[in-house]
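What follows is one structure encoded as structure tokens, with my remarks underneath.
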Protein chains: 2
Amino acid sequence: MPTATSDDDRDPDLVAVNEGVDVAGELTRPGGLDRERILRGAVDFIDAHGLAALTMRRLGASLGVEAMALYRYVPGREDLLDGVVDMVVETLFVKDDGDDLYIEEHHGWQDYLMRLGHGIRRIALAHPSVFPLVASRPPAAPWVRPPLRSLRLVESFLGTLTEGGFSDQAAVAAYRAYSSFLLGHLLLEVTQLGAQVSLLDQPEGDPEAQRKTDLSVFPNLLRTEQLLSLDKSAAEFEDALENLLDRLERVLHEAQTSDGEVADLA
Amino acid sequence: MPTATSDDDRDPDLVAVNEGVDVAGELTRPGGLDRERILRGAVDFIDAHGLAALTMRRLGASLGVEAMALYRYVPGREDLLDGVVDMVVETLFVKDDGDDLYIEEHHGWQDYLMRLGHGIRRIALAHPSVFPLVASRPPAAPWVRPPLRSLRLVESFLGTLTEGGFSDQAAVAAYRAYSSFLLGHLLLEVTQLGAQVSLLDQPEGDPEAQRKTDLSVFPNLLRTEQLLSLDKSAAEFEDALENLLDRLERVLHEAQTSDGEVADLA
DNA sequence: ACCTGAACACCGTTCAAGT
DNA sequence: ACCTGAACACCGTTCAAGT
């Protein structure tokens, strides 16, 4: 146990979360609180224990401090959750070593939309318990559409499509269509991830028999149960993304040749 | 005030919610609690005060009862929320007078998917504060995909498409594509509804100036701000639904003629 | 049979007090 | 300057007691 304080009467389960080694490879508590350290701690906590378990008091404990100390750096719980969302989304703009999804090194708008989609998906799968927060927190502005929750991101989206030949209307319509595609797919994907583990958590007295009997009233469900249980999320994501790109391309070319009204593509 | 109890020292704001006349046109408290009455009260409460405001104690008060009384009919808060979701979704199957969206009187699978989409959208817009719950509550089974959260609904979905000529694989793939389309669109639509009202709620010292200055760093945002603020949700929903139906139709016909593998449409 | 009062453990948040 | 102890109002939930 590195540099442990002498009066260590804290919950060992919570302390363990944070006195290990974090993602960046540094010790998590080399003295001194910090807004960023708190947000990072909150992300780690949610990843480890789920969103419902996050309280100010427990977060404080996991950082080796009383809950009250957090209020010096964070106005309150709501603001903290907003900060968590921001922090996780900003990950898009940091370039990992050998990152072939780095969003700012794109070649054309199609490549940009591919990188963006895969980038957000990577975030969702890396933090499945945080993603529902990204999906449903009330946005700062009415036109900030989850999961694309960053002015910088929306700006680069619109800029890239405009450079690619989209009119302002078409770029905005594309932004809308793209964000709802991403939100639907990724939220369902992380929801299903959560459902898988919660099933393993409750091994109660033969739940199989009970569930099967219920299904007997639903012949189509019963017949396709195997198919329904297959997880094809990755392939479906690729297909839907590709389909969306095709659709956008079609709109773009129609606009360039016939100059018809194209705002209503979404 | 009809049939008021004599010792009326309750919060008048909460009482007002429930001693009025409810959707069905009946007095809300003609004696006696009931699981269904509680769930209905919870829906009304969330519609009126938002999800965050719903506590067992306040819900009890709105029903003219102490919180503890609820536990005779509802195992706990989590189960209550599940019940709320079920109740709201079941609305699909009740036929209102002159209801042209009634899902069981469909003509062919395209008509069915239109009725279903518009029906769920009507629910989302009628209960925008409840819909995030419909979207993100952990499903009962891994293959229950929000917002289509009802065995009965999934059964009728698969049955209708199968009757329409879809193979089991194609029907399941259609179910997946359709649910993620619905979830993305409707969750974004109700989120934006929430964002609109929350902006009106906080008329602080000239927030305009501050926000505009932030935007000046984002030229594309600044230029398209008007376009971004337009609400075209209804038209976008129709377009996306139509596009999805076209896609499914294409898959169906390809399968009927060439007999190629079609499972990966989603 | 149905509801309530009192109680328990836990929340978010404030603030004077400690170091 | 930074953290804590004590306190407040509020939670979900249990259970013996009332009617």
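Since the structure is predicted, the reported quantities are computational estimates derived from the model, not experimental observations. Just the heavy atoms: all of them, side chains too, but no hydrogens, waters or symmetry mates, feed the values below. Below, read A as the first sequence line, B as the second, and so on, with proteins coming before strands; counting in each chain starts at 1.
- Shown here are the side chain to side chain contact (heavy atoms under 4.5 Å, CB included) partners of A/D79, two or more places apart in sequence or in another chain: A/R35, A/V74, A/P75.
- No cation-pi contact links B/R58 to B/F45, judged by a cut-off of 6.0 Å to the six-membered ring centre and 45° from its axis.
- Distances shorter than 4.0 Å separate some side-chain N or O of B/R58 from OP1 or OP2 on D/dC11.
- For residues 139-148 of chain A, the set of pairs meeting the salt bridge (charged side-chain N to carboxylate O under 4.0 Å, His left out) definition, not counting sequence neighbours, is empty.
- Here the P atom of nucleotide C/dC2 and the CG atom of B/D34 are 11 Å apart, to the nearest Å.
- Of all the residues in residues 68-84 of chain B, B/M68, B/A69, B/R72, B/Y73 reach under 4.0 Å from DNA chain C with at least one non-hydrogen atom.
- Taking a pair as Watson-Crick or G-U with both hydrogen-bonding distances under 3.5 Å, the stems of three or more pairs touching DNA chain C are C:4-8 with D:12-16, C:12-16 with D:4-8.
- Applying the salt bridge (charged side-chain N to carboxylate O under 4.0 Å, His left out) rule to pairs touching residues 179-196 of chain B yields B/R121-B/E189, sequence neighbours excluded.
- Residue A/E104 qualifies as enclosed at atom CD: its count of foreign heavy atoms under 6.0 Å is above 12.
- Screening residues 86-95 of chain A for side-chain hydrogen bond (donor to acceptor under 3.5 Å, both in side chains), with sequence neighbours left out, gives A/K95-A/E105.
- Rounded to an integer number of Å, the gap from CD1 of A/I38 to C1' of D/dC3 is 12 Å.
- Annotation: cation-pi geometry satisfied between A/R152 and A/F93 (NZ/CZ under 6.0 angstrom from ring centroid, within 45° of ring axis).
- Each of D/dT13, D/dC3, C/dC3 was ranked by its minimum atom distance to the side chain of B/R57; first place goes to D/dT13.
- Using a 4.0 Å cut-off between charged nitrogen and carboxylate oxygen, B/R122 and B/D99 count as a salt-bridge pair.
- Between the CG atom of A/L59 and the P atom of C/dT13 there is a distance of 12 Å, given to the nearest Å.
- Distance, B/E66 CD to D/dT13 C1': 14 Å, rounded to whole Å.
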